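The structure appears below as structure tokens.
Remember, predicted model here, so these are calculated numbers, not experimental data. Excluded from the calculations below are hydrogen atoms, water molecules and symmetry mates; all remaining heavy atoms, backbone and side chain alike, are included. Counting from 1, the numbers follow the sequence of the chain as shown.
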Amino acid sequence: MKYRHAHHAGNFADVHKHVTLLALLAALARKDKGFLYFETHAGRGVYDLAESASEAAGGIERLQAAPCAAPELRVYLERVAALRRGRGAARLYPGSPWLAVSALRAQDQAVFVELLPEEARALRRALDAETGGVRVRIETGEGFAHWHAALPPPQRRALTLIDPPYEDSRGDFERVRTELAAALRRFPTGVIAVWYPVKDARDTQRWLEALPRELDRPMLAAELRLFPCDSRVALNGSGMLIVNPPYQLEVRMGEWLAELHRHLQAAPGVAGSVRWLTRPAA
Ligand SMILES: C[S@@+](CC[C@H](N)C(=O)[O-])C[C@H]1O[C@@H](n2cnc3c(N)ncnc32)[C@H](O)[C@@H]1O
């Protein structure tokens with residue numbers, strides 16, 4: 001595996017994914033009852049933007065220079081600032097495990113799975129000082145296999161983030177679909193967020209359209225697009241598929257996505273979208 005998230009940390013896709021993640025965590029925390037937060041592809045937890053300078057310039061750094069109004073964007077920026085204040089280092093960037101732990105409560109539990117032992121060790125170091133009262137477990141291994149073994153969770157409430165590297169793009173999309181179907185058979189009510197790349201938008205469209213035939217749950221797809229769908233840059237947009245989305249998430253997403261589009265300077269004529277693949281039963 002060649003993928004190293006350190007080369008992409010803080011790019012526009014990370015911004016989109018991490019804003020959405022914090023909003024989902026806040027939505028689950030509206031109820032007192034604790035929940036399981038599970039990550040199948042965790043990464044190293046904290047990144048140095050020196051390794052991803054040009055990508056971060058079009059992502060987190062552009063957003064930091066913009067007048068953000070949506071509360072979800074402000075919460076996200078504040079968490080990034082908190083990491084930097086805490087470590088006295090201005091160019092650090094939090095990965096999803098660090099952000100999640102910063103939002104979890106004593107009654108919640110987190111499990112992070114990472115395939116590469118050196119990334120898992122770095123994650124352990126990154127979270128060591130941060131966990132407070134939150135119960136955190138870091139596992140080294142194959143993310144989907146560990147996920148299925150944890151379902152259904154004893155709490156009967158869970159949020160899972162699935163964030164694979166998509167090195168074998170077609171294979172990874174297929175894999176996500178079959179793993180979602182298997183997980184939902186074991187635990188149909190869990191909230192699941194899947195990040196996916198938008199390269200040629202026609203391919204992602206076909207994948208999204210096929211999902212409702214196999215997954216009989218409410219599903220939303222939100223896409224932040226910065227470049228035309230046939231442009232030959234590596235990544236034209238960032239997608240978040242949400243299974244069993246919390247109430248009114250689509251309304252909030254519409255608002256922050258419109259702002260992200262402006263602040264991250266989407267190409268003229270390029271529009272993002274929030275749409276239901278399957279609506280909740282009335
Ligand atoms: C996109 S990065 C994760 C970034 C992280 N979620 C974040 O937002 O900060 C994908 C990670 O998955 C790991 N990985 C790749 N294949 C895996 C697998 N089969 N199971 C678990 N982790 C895997 C990679 O080593 C990499 O650290």
Side-chain angles (χ1 to χ4, degrees), residues 3 5 8-11 13-29 34-47 72 75-76 79 93-105 108-116 119-120 123 126-127 130-131 134-151 153 155 157-166 172-173 175-177 179-180 182-184 187 189-197 211 215 217 219-224 238-246 249 253:
Y3 184 87
H5 195 66
H8 308 286
N11 69 2
D14 258 10
V15 171
H16 180 215
K17 173 178 57 185
H18 292 156
V19 169
T20 308
L21 171 63
L22 287 171
L24 286 169
L25 286 160
L28 267 87
F35 62 89
L36 170 67
Y37 175 70
F38 200 102
E39 278 204 32
T40 53
H41 298 73
R44 59 190 299 127
V46 171
Y47 298 88
E72 293 84 356
V75 165
Y76 162 72
R79 292 288 158 86
Y93 183 79
S96 47
W98 192 95
L99 289 168
V101 165
S102 80
L104 291 171
R105 309 158 300 172
D108 304 322
Q109 183 191 3
V111 177
F112 300 108
V113 188
E114 166 58 47
L115 184 67
L116 298 180
E119 295 293 281
L123 178 58
L127 295 186
E130 312 288 345
T131 49
V134 181
R135 287 168 299 154
V136 171
R137 204 163 67 233
I138 296 168
E139 301 175 356
T140 307
E142 207 290 310
F144 290 119
H146 286 232
W147 185 36
H148 295 310
L151 299 179
Q155 302 92 329
R157 301 186 72 211
L159 167 63
T160 300
L161 175 65
I162 297 177
D163 185 19
Y166 294 91
D172 281 346
F173 274 104
R175 178 91 196 264
V176 166
R177 185 173 57 76
E179 301 291 353
L180 282 177
L184 287 167
F187 183 48
T189 56
V191 180
I192 306 171
V194 180
W195 181 81
Y196 60 90
L211 292 176
L215 312 176
R217 302 302 306 164
M219 280 184 290
L220 265 181
E223 290 184 2
L224 171 67
S238 157
M240 290 296 291
L241 167 73
I242 315 291
V243 183
N244 294 319
L249 181 73
M253 275 180 155

Atom CG of Leu24 and atom CG of Leu161: how far apart are they, to the nearest 0.5 Å? 9.0 Å

salt_bridge(Arg105, Asp108) N-O dist < 4.0 Å: yes

Is the centre of the His8 ring less than 6.0 Å from the centre of the Tyr93 ring? no

Can a donor-acceptor pair be found between the side chains of Glu39 and Ser96 at a distance below 3.5 Å? yes

Roughly how far, to the nearest 0.5 Å, is the NE2 atom of His146 from the CZ atom of Phe112? 15.0 Å

Is Arg217 reaching over with its side chain to a backbone N or O of Val191, donor-acceptor style, under 3.5 angstrom? no

Side chains of Val113 and Thr40, heavy atoms from C-beta outward: is any pair under 4.5 Å? no

Students often mix this up, so state it plainly: with edges at 30° and 60°, are the rings of Trp195 and Tyr166 parallel, tilted or perpendicular? perpendicular

Determine whether the side chains of Glu223 and His16 contain a donor N or O and an acceptor N or O closer than 3.5 Å. no

Does some side-chain heavy atom of Met253 sit less than 4.5 Å from a side-chain heavy atom of Glu72? no

What I'd like to find out is whether the side chain of Pro245 reaches to under 4.5 Å of the side chain of Val243, using heavy atoms alone. no

Do His5 and Asp163 get their side chains close enough for a donor-acceptor pair, meaning under 3.5 Å? no

Derivation of the ring-ring contact (aromatic ring centres under 6.0 Å, His included) call for His41 and Phe144: CA-CA 9 Å; His41 298 73; Phe144 290 119; 5.2 Å; yes

Under a 3.5 Å distance rule, please check whether Glu114 uses its side chain to pair with a backbone N or O of Gly43 as donor and acceptor. yes

Under 3.5 Å donor-acceptor, Asp14 side chain and Asn11 backbone: no

